[in-house]
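Naming: A, B, ... by sequence-line order, numbering from 1 per chain. From a predicted model like this one, the values you see are computed outputs, not experimental measurements. Note that these values count all heavy atoms, side chains included, but never hydrogens, waters or copies made by symmetry.
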Protein chains: 4
Amino acid sequence: MIKEADLNDLFGQMIHKMADLPPKQQRILAASLNLFAEKGFDKTTTEDIANAAQVAQGTVYRRFKTKDDLLAAVLTPILKDVFPQAISQFTGQAFETKYTNLHDFLTAIVTDRIHFIYENRQVLKIVWSQALTNSEMLVILRDRIGQAISEIVFPQIKKMQKQNLIIGWPADKILTFLAGTMFTFLTKLIIMPGHQIDLDSESDFMIRFLEEGLAANGDNHLV
Amino acid sequence: MIKEADLNDLFGQMIHKMADLPPKQQRILAASLNLFAEKGFDKTTTEDIANAAQVAQGTVYRRFKTKDDLLAAVLTPILKDVFPQAISQFTGQAFETKYTNLHDFLTAIVTDRIHFIYENRQVLKIVWSQALTNSEMLVILRDRIGQAISEIVFPQIKKMQKQNLIIGWPADKILTFLAGTMFTFLTKLIIMPGHQIDLDSESDFMIRFLEEGLAANGDNHLV
Amino acid sequence: MIKEADLNDLFGQMIHKMADLPPKQQRILAASLNLFAEKGFDKTTTEDIANAAQVAQGTVYRRFKTKDDLLAAVLTPILKDVFPQAISQFTGQAFETKYTNLHDFLTAIVTDRIHFIYENRQVLKIVWSQALTNSEMLVILRDRIGQAISEIVFPQIKKMQKQNLIIGWPADKILTFLAGTMFTFLTKLIIMPGHQIDLDSESDFMIRFLEEGLAANGDNHLV
Amino acid sequence: MIKEADLNDLFGQMIHKMADLPPKQQRILAASLNLFAEKGFDKTTTEDIANAAQVAQGTVYRRFKTKDDLLAAVLTPILKDVFPQAISQFTGQAFETKYTNLHDFLTAIVTDRIHFIYENRQVLKIVWSQALTNSEMLVILRDRIGQAISEIVFPQIKKMQKQNLIIGWPADKILTFLAGTMFTFLTKLIIMPGHQIDLDSESDFMIRFLEEGLAANGDNHLV
DNA sequence: GATGAATGAGTATTCATTCAT
DNA sequence: GATGAATGAATACTCATTCAT
């Protein structure tokens, strides 16, 4: 359905549309977010959304011309702003600081990412769910995140390897374990909705686990 | 749609139905598997399946009375047989052997699970995709796997902790990192379909990563 | 939709409404005329009209309470005033003059009608388009024009036949060829919008064609 | 909606689809033809069609995937076959014969066209109605007919002018009057549905009218 | 007067499922 | 067993019209 160009257009338009959004339209967006996260995009009907938002069905279509538009509107903030911002923030916070040890580095990024994931777990669930059944969406995500990573994260990892602060594996392997650990956290949140989570404790274990798993060692020149 | 009782019934019936499956019905199952994995269950129509299997639409309904039946038939082998079998096999292979170090233990289970995931990646993608939008399916999965884990895996982990072969964290934390690392592998397979994967190299890195991350250390009595 | 009684009422009200029309309402009428002629009444939305007139959608409904009202307002001038007026004018100009030959007669009416058609081609297109899909409109038109014709035009034709100025066919046949020739001109205008038309040359050919085709001859007593 | 390429594709597909059309699908086509002619395409709902054809609404969509498809299916026979065939037939019958006078020539073509128009008046009404509100349809028609005319009819008219059988006006003027007279006949049929028509009498008058109007005369070299 | 958000009845279209042949 | 035509409930979307500000 949504091709990359269209999708990017949509994101641009959405930002514009979402300024000065009337209260009912805001309710529609909120209802969509909840329902998409709960039942999935495909199984959510526009009638469901109208009911949940307590508006007439036609009202759903006033600002958002199609159901896809609504999906885009729900995902836009995270895909347009938060992802790139998150990555640059990642860079700024985590990498510009001169870390003298792996622990401080991991503490910085894990703490930050954990909170980001926790707060955006609903949208992230929708994104992930869509990516599984929509290869266009998957490609967009992969390219968008992939580009940011190879431009920003990879160089930083290599810099840390030169300082012997992190294990000398190929950067993509390190990234996989780093990102995978955080992705695993998201998966837990999705699998156990409503479950009480102690973010500090969670990140504590993650940091220690990664710290050991990714520690530099004497003969780590695997590349 | 599918409630747990129904689903279990379905699985029982499926096993029966799938004995002596005529060639056309086999083609229908194969087509369903491919299409569900590719486009998702919801976006696959029975007409799509009929076309892909090169049969008439009515033929799709000969053995499998509903579309949900087809989903069940596709998922049955892995949910009915492979999961439990896998876990017991996990137990048998990995735990009954007396490992004297973490490396051998991780090597055994990671190698086994990696191959299992790789070979069943299509079905696992469908399962995961369904679980994201179908809370009943999620509950079933969680309970089914959860039970097996708490009965089998947790005791084993604790046993190894007593032998000081693995870090003294709560068993669920250890499981999270263990399973998460493998789940991350599945995610990579899904994200990069068609990408050439060197299973040996992949498991090699995983084992080493986990080995360090989960190694027992002197003062690891966190519980 | 519009019944004859209603339509006539509407036309009456319209005349009233259209006195002292504020500029925005005039823009709305103009936009309606253009859009109805371009895309047809059914395919023109009130939003289209609002956009084209650069007003809010609600403003469209200020004077004209329904979309049908707008159609009536667009058609009123021609249906209420111009048609009857045209016919009496026809009578006055073309028939009260004592023509001594067919050529002068045809020159008078063809010239007049050609200009009328040319200037009102947009409204005539809408009328014709509506008549094709709205039998009530068709009936109204047919009766209104039909009556005027049988009362005014037929007697005049018969008078000319007595003077042996025109062929002795049944009056309705003569009218058909006369009107048909002009209708053919309207059709050309519709089919080739934007095409440069030399009205003088066009009427020249029509007059000559009709002059020969309808000339009185010795033994023309066909009636 | 329908672009030229698409429309031509549609016509091709329609011919194929209409071989071995099940009885219900035939009823659907017939009902569509009647309703489109009666109320217009836009005002005919698929529910109307289903009711008139005494089938379920879904059945309407079995062969014809959209309402536009149905329109194309209704128009295909005349646009794909009848028009071109009619024109070549026109050529064959009317022009290959060596006419020694205008009367025989007009008799041949008027008689033929009158019957064609009479028998296809419903479809022609739909075509004409669509052309008024759909500029793409208009362009297709204009080009399709226009091409046939300029390739076949114009040369024949010029041949007859050389033989001094027809007036020496520009070919397009002659065509206008010839076609216009027949178009006028169609218009009468549309305006007066159900009215008893004596085709022989009608064509008789047309022929005589055209015969005089288009007769060659001594000094007719207007071109 | 003007605005534009909101409404809800109406409409084209989809698709799992049934069933006569 | 297999076919594919038929079904009808469900669903996304449209648009004339209303009304509070």
Side-chain angles (χ1 to χ4, degrees), chain A residues 1 20-25 27-28 42-50 53-70, chain B residues 1 22-25 28 42-51 53-70, chain C residues 1 22-25 28 42-51 53-70, chain D residues 1 20-25 27-28 42-50 53-70:
Chain A
M1 302 280 148
D20 288 334
L21 208 56
K24 290 205 178 183
Q25 299 297 325
R27 291 216 307 270
I28 288 166
D42 292 321
K43 286 184 191 143
T44 300
T45 68
T46 52
E47 198 187 358
D48 289 339
I49 295 170
Q54 306 225 56
V55 299
Q57 263 204 67
T59 310
V60 175
Y61 285 87
R62 167 116 195 115
R63 283 279 170 110
F64 309 104
K65 296 308 177 196
T66 67
K67 211 178 135 194
D68 273 348
D69 256 36
L70 218 33
Chain B
M1 302 275 152
K24 289 205 176 180
Q25 300 298 325
I28 287 166
D42 291 321
K43 286 181 191 148
T44 301
T45 69
T46 52
E47 198 188 359
D48 288 340
I49 296 171
N51 290 341
Q54 307 226 53
V55 298
Q57 220 178 325
T59 310
V60 174
Y61 284 83
R62 181 94 207 135
R63 283 266 171 127
F64 308 104
K65 295 310 176 196
T66 68
K67 204 181 149 194
D68 274 349
D69 258 33
L70 261 178
Chain C
M1 302 279 146
K24 289 204 177 184
Q25 299 299 325
I28 288 166
D42 291 321
K43 286 182 191 148
T44 300
T45 68
T46 52
E47 199 188 358
D48 288 339
I49 295 170
N51 290 340
Q54 308 225 53
V55 298
Q57 221 179 327
T59 309
V60 174
Y61 284 82
R62 183 91 206 134
R63 282 268 172 122
F64 309 102
K65 296 308 177 196
T66 69
K67 204 182 151 197
D68 274 348
D69 258 33
L70 262 178
Chain D
M1 300 280 149
D20 289 333
L21 208 58
K24 291 205 178 183
Q25 299 297 325
R27 291 216 304 270
I28 288 167
D42 292 318
K43 285 184 193 145
T44 301
T45 68
T46 53
E47 199 187 359
D48 290 339
I49 295 170
Q54 308 226 54
V55 299
Q57 262 204 72
T59 310
V60 175
Y61 285 86
R62 169 114 195 116
R63 284 278 170 109
F64 309 103
K65 296 308 177 196
T66 67
K67 209 179 138 194
D68 273 349
D69 257 35
L70 216 35

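- When every heavy atom of B:Val60 is checked against every heavy atom of B:Thr46, the shortest pair comes out as CG2-O, 4.1 Å.
- For D:Val55 against D:Arg27, the heavy-atom pair with the smallest separation is CG1-NH2, 3.8 Å.
- Across A:Thr59 and A:Ile28, no two heavy atoms sit closer than the pair O-CD1, 3.6 Å.
- One distance of note links CG of B:Asn51 with CG of B:Asp48; it measures 6.5 Å at 0.5 Å rounding.
- The minimum heavy-atom distance linking D:Tyr61 with D:Thr66 is given by the pair CE2-CA, 4.0 Å.
- As rounded to whole Å, 14 Å separates atom P of E:dC19 from atom NZ of D:Lys24.
- To the nearest 0.5 Å, the span separating CD on D:Gln54 from CD1 on D:Ile49 amounts to 14.5 Å.
- With F:dA6, F:dT3, E:dT7 as the choices, the nucleotide that has an atom nearest any side-chain atom of D:Pro22 turns out to be F:dA6.
- If you take CZ of C:Arg63 and P of F:dT17, they are 18 Å apart, rounded to a whole angstrom.
- In this structure, B:Leu70 atom CG and E:dC15 atom P are separated by 16 Å, rounded to whole Å.
- The nearest pair of heavy atoms linking C:Arg63 to C:Pro22 is NH2-CD, 3.4 Å.
- One interatomic measurement links the two molecules: CD1 of C:Ile49 to C1' of E:dT3, which rounds to 17 Å at whole-angstrom precision.
- Applying the 4.0 Å criterion to OP1 and OP2 of F:dA2, one finds that B:Gln25 has a side-chain N or O inside that range.
- Atom CZ of C:Arg62 is separated from atom CD of C:Gln25 by 8.5 Å, given to the nearest 0.5 angstrom.
- Each of A:Pro23 and C:Val55 was assigned the nucleotide of DNA chain E with the nearest heavy atom; the assignment lying further toward the 5' end belongs to C:Val55.
- Rounded to whole Å, atom C1' of E:dT3 lies 15 Å from atom CD of C:Gln54.
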Protein-to-nucleotide contact annotation, 5' to 3' order, nucleotides 10-16 of chain F [B base; S sugar-phosphate only; - none; under 4.0 Å, heavy atom]: -SBBBSB

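- Rounded to an integer number of Å, the gap from CG of D:Asp69 to P of E:dA12 is 14 Å.
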Dot-bracket summary - DNA chain F, pairs being Watson-Crick or G-U whose distances fall under 3.5 Å, with | when paired to another strand: .||||||||||||||||||||

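- Put simply, D:Arg62 has a side-chain N or O that comes within less than 4.0 Å of OP1 or OP2 on F:dA5.
- Looking at every heavy atom in both residues, A:Thr44 comes nearest to A:Lys67 through O-NZ, 2.8 Å.
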